Amino acid sequence: MTAQDKYAVFGNPIKHSKSPAIHAAFAEQCDQHIQYRAVRVEQGDFQRAAASFFAGGGKGLNVTLPFKQDAFAFADTVSDRARRAGAVNTLTACADGSIAGDTTDGIGLVRDMVANLGWQLQGRRIALLGAGGAVRGVLEPLLREHPKSVVIVNRTAARAAELAELFADLGAVQGGGYELLEELEVDLLINATSAGLQGEMPALPDTLLTVRSCCYDMLYGPEPTLFMRWAAQNAAWAVADGLGMLVEQAAESFYRWRQVRPATRPVINQMRNAMAAA
Ligand code: NAP
């Protein structure tokens with residue numbers, strides 16, 4: 001191990017990435033001497049940039065939009081969960097020179113909901129809004145918690161139906177358009193659409209939540225998101241944003257690279273305070 005092992009996150013855009021601050025906090029807390037940079041990679045240049053990073057002694061990469069599928073193709077080996085998700089957000093240089101790919105988003109989400117928020121998933125009726133990369137990445141870890149049922153709804157219904165079919169061997173999972181939510185009650189509603197980025201949210205029936213329902217938005221920001229405000233107005237029992245998921249997926253990457261597990265709660269608080277002050 002060198003004095004400062006090199007790590008980075010590749011994405012585009014990357015300017016607002018919180019990963020360097022999160023990993024710096026982990027490194028300080030765990031007394032690890034690492035360098036972690038955010039690198040903007042041009043579309044079509046991922047393979048070259050990643051090969052050059054590892055050839056230059058890089059130890060590990062996080063990969064964010066729009067390169068998670070390129071990272072999957074780049075890895076020499078991938079974990080089972082990454083193979084099923086068809087996406088990789090963590091690349092690790094192995095001792096034999098090969099590059100291993102994994103996806104830690106799903107573990108991050110489950111850990112935030114179960115360990116940090118104290119929400120139970122087992123036996124619960126879950127609905128997921130959206131059928132993009134985020135949903136694909138979290139379905140396996142979610143289904144492994146043995147919920148009673150998972151319904152995926154999406155603006156483009158066929159994408160949700162396709163995902164449901166792909167994960168059907170892991171539990172009771174159904175996919176389709178938003179009409180699947182009519183006359184449904186759920187215990188956990190997860191927003192994994194990017195609608196909030198455009199200041200929008202899908203129309204949802206006001207019969208969807210019960211007094212015990214939890215609502216989770218993968219999006220996060222200094223203010224409650226539109227989805228979180230809808231959940232509060234509809235008397236959700238608990239509401240959370242995705243900052244904890246972000247920190248937890250980073251912690252899992254850090255653990256893979258350094259074999260040390262950082263305490264996440266102080267880092268979530270630190271990031272929350274930094275967002276509020278910005
Ligand atoms: P993505 O692959 O681009 O998928 C976007 C999804 O949102 C699609 O299902 C799309 O539906 C849907 N959508 C977009 N605009 C919509 C609208 N106006 N109304 C209804 N549905 C709409 O993105 P992703 O990677 O899955 O990410 C989804 C969200 O999760 C993003 O906000 C991202 O920031 C967040 N995220 C957070 C974390 C975290 O650590 N907290 C990690 C990963 C992702 P169509 O299929 O019909 O286009």
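Given the structure is predicted, the values throughout are model-derived calculations rather than measurements. Indexing begins at 1, ligand by ligand and atom by atom, following the structure's order. Side chains are part of it too, since the values below use all heavy atoms of this structure and drop only hydrogens, waters and symmetry mates.
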To which protein heavy atom is [atom] closest, and what is the distance rounded to 0.1 Å?
atom	answer
atom 19 (N) of ligand 1	Ala195 CB, 3.8 Å
atom 46 (O) of ligand 1	Arg159 NH1, 2.6 Å
atom 2 (O) of ligand 1	Gly133 N, 2.9 Å
atom 25 (O) of ligand 1	Ala134 N, 3.6 Å

Any residue meeting salt bridge (Lys or Arg N to Asp or Glu O under 4.0 Å) with Arg265, in chain and number order, not counting sequence neighbours: none
Taking only heavy atoms of [X], which atoms of ligand 1 are found under 4.0 Å from at least one of them?
X	result
Gly132	2 (O), 4 (O), 9 (O), 26 (O)
Ala131	9 (O)
Gly130	9 (O)
Leu219	32 (O), 34 (O)
Thr156	45 (P), 46 (O), 47 (O)
Ala192	28 (C), 29 (C)

I'd like to check whether [X] has a polar contact with ligand 1, where a contact means an N/O of the residue lying under 3.5 Å from an N/O of the ligand.
X	result
Met245	no
Asp105	no
Arg155	yes
Gly242	yes

Trace of the side chain to side chain donor-acceptor pair (under 3.5 Å) decision for Glu185 with Thr210: CA-CA 7 Å; Glu185 279 186 344; Thr210 74; 5.9 Å; no
For ligand 1, is any non-hydrogen atom under 4.0 Å from [X]'s backbone (N, CA, C, O), its side chain (CB onward), both, or neither?
X	value
Glu200	side chain
Ser194	both
Thr193	both
Asn154	side chain
Met218	both

Contact list for residues 72-95, test side-chain hydrogen bond (donor to acceptor under 3.5 Å, both in side chains), sequence neighbours left out: Ser79-Asp102, Asp80-Arg83, Arg81-Asp102, Arg84-Glu140, Arg84-Asp169, Asn89-Thr104, Asn89-Asp105, Asn89-Gln249, Thr90-Ser253, Thr92-Trp257
Ring centres under 6.0 angstrom apart (Phe10, Phe67): no
Asn62 versus Ser19, side-chain donor and acceptor atoms under 3.5 Å: no
Name of the residue among Leu204, Thr193, Ile190 meeting side chain to side chain contact (heavy atoms under 4.5 Å, CB included) with Phe227: Leu204
Straight-line distance of Thr225 OG1 to Asp217 CG, nearest 0.5 Å: 3.5 Å
Gap separating the CZ atom of Arg136 from the CD atom of Glu162, nearest 0.5 angstrom: 7.0 Å
Whether Asn12 side chain and Val41 backbone form a donor-acceptor pair below 3.5 Å: yes
Non-hydrogen protein atom less than 4.0 angstrom from atom 23 (O) of ligand 1: no
